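Working notes, beginning with the structure itself.
Here the structure is a predicted model, which means the values were calculated and not measured.
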Amino acid sequence: MENGDFSDLQLIHHIRGVLVAVTTGDRENYDELVGYLHPKKNLNPDEVAILVTTLKALSGAASYIDSVHHEALLFAVSRMSLWNYGTVVMDALLELIISLAASNGKYIDWCLEMLVKHFVPPFYLLDSLKQENGIDRKNKVLSRVHAALKEIADLVPLSPLRLSPIIVQKMPSVFSKESEIVMYVENMLRLESGAIGEIVGSTMLPALVDRLLELDVEIGWDGMLQEDAKGIFEMELEDVTEFADEDENCDSMPPSESLNRKSLQGNLVVEKLDGLIVLAFLHLESCQSSDRLAEVFDVLLASFQKTVLNAYKSKFTQFVMFYACALDPEGCGVKFAMVLTDMFACDVNPPITRMSAVAYLASYLSRAKFLSAALVTSIIQSYIKPHFVRWSKVRTTYDDDDNDEVSDSGSEVSDDDFVDRNTKDMIDDDMMVSVEGLDFPDLNKMSITPKKSFKYGFETQLEQCMRMPARIRPSTSPESL
């Protein structure tokens, strides 16, 4: 391998011979070849040249690589990380991965997993990505990874179908560091909006919603709700100045209020959820700019109906839907309201589904200033009021928490105890909101989201006190907010 007199074609033929020899028991040259691939730190120029030459020759001999006889070689390649090399080695390694994927279908999953693992750098490099050279390295690695995924999709058209489950399976758990899970999701959303997004998009967005939901239900708000907070759709952008002023006076706050803010700031789950919701908001804005919002909204809506709607103690995942609606009030905004209304009004749906639908509907209508008063009034008078008799047993849960839940007829609440558990948390006196300009007290009590939780919502920058995600990027928020 160190002989500079070999042409590229001769090197490829040599490597092929080395690979074939292994099947006959001759491993001397093979073991030397594998040795060149073992990761090493601080490679000198000669070592870099040998590594690049080896990778390129293996690319030309990819069809000769056998998963049984050449297991050590594949293992050595799998341990290599683009994050640890310069662009010359990056390109040579990616060329090998692409060649393997194209040479034999049994390597598709292996190659895709190799690329997906580069969505996030090795743990010890995560913090360095905040520096200027770290950002440059991130761009170099990820641009190549996504280009390689696209090239494999062109060569093997069915590969995106294999890619989707791999991405979901490898997605960092809720226990991962915030920087790790946020960076991974950035790449998921990049795929969703990229060249193969038409195939993988229907998987990426629901996977994100599922992760948001997992984090969402872990957040407890008992004792953290404040009296003068505004909901996400009740605040105007000029209110940001008010919050900025308050941020400067955090030290002078009453002890109980300061403690509440500090409790949220130290909540790692809140920080992760905050980061992911901000990513989702920015992605929705990007989809709007590229005229893809309606398409993406349909995927989100299906995911919302499947997982979020009946989730126990979910409070904040809904705002991804709300934000999409705010970006397109006449399209997504109206559609979301009518879908929830139809789910509530349909007697075929299970009681818990109908209950959740009307709770989310109340939360949405009471905050969505961009919806016309005529539409809100029409929904309430045509669909909600005729069914209020059905909520008698619900009202007992928030009118008198100390009393047993009974219906008008005196019968005990059933329906799988959903009133006792999920609805009792979703519908509570402390979660009342108001529909501006309208007077529907029953609707107010059905709202799923605590009005008093948003002033000290999610932002966790050290210099700022907590605010809901829509206020983290006020300059990119819809004017209607």
Reported CG-to-OH distance for the pair L282 and Y323, which is rounded to 0.5 angstrom: 7.5 Å
query: What is the distance from atom OG1 of T317 to atom CG of L300, rounded to the nearest 0.5 Å?
result: 11.5 Å
Can you check whether [X] reaches [Y] side chain to side chain, under 4.5 Å on heavy atoms?
X	Y	value
P45	V48	no
F297	C325	yes
V185	M188	yes
L129	I135	no
I65	Y107	yes
P206	T307	no
L340	V358	no

task: Output, in order, the C-alpha distance, side-chain angles, deciding distance and verdict of side-chain contact (heavy atoms from CB on, under 4.5 Å) for R211 and V174.
output: CA-CA 7 Å; R211 189 62 82 244; V174 295; 3.6 Å; yes
task: Could you tell me whether the side chains of Y184 and E180 share a donor-acceptor contact shorter than 3.5 Å?
output: no
- prompt: If we ignore angles and hydrogens, is there a donor and acceptor under 3.5 Å between the side chains of N310 and T353?
  reply: yes
- prompt: Using the benzene-type ring in the case of Trp, are the ring centres of H69 and Y30 under 6.0 Å apart?
  reply: no
task: Answer with yes or no after comparing the ring centroid distance for F281 and F319 against a 6.0 Å cut-off, counting only values under it.
output: no
Can we say [X] and [Y] salt-bridge, meaning some charged N sits less than 4.0 Å from an Asp/Glu carboxylate O?
X	Y	result
E47	K40	no
D328	K335	no
D216	K272	no

For D109, salt bridge (charged side-chain N to carboxylate O under 4.0 Å, His left out) partners two or more places apart: R162
Sequence neighbours left out, cut at 3.5 Å: what donor-acceptor pairs do the side chains of residues 144-157 make with other protein atoms?
residue	atom	partner	partner atom	Å
R144	NE	D91	OD1	2.7
R144	NH1	K140	O	3.2
H146	NE2	N187	OD1	2.8
K150	NZ	D154	OD1	2.9
K150	NZ	D154	OD2	2.7

task: Say whether, by atom type as modelled, one donor and one acceptor occur between the side chain of S363 and the main chain of Y360 under 3.5 angstrom.
output: no
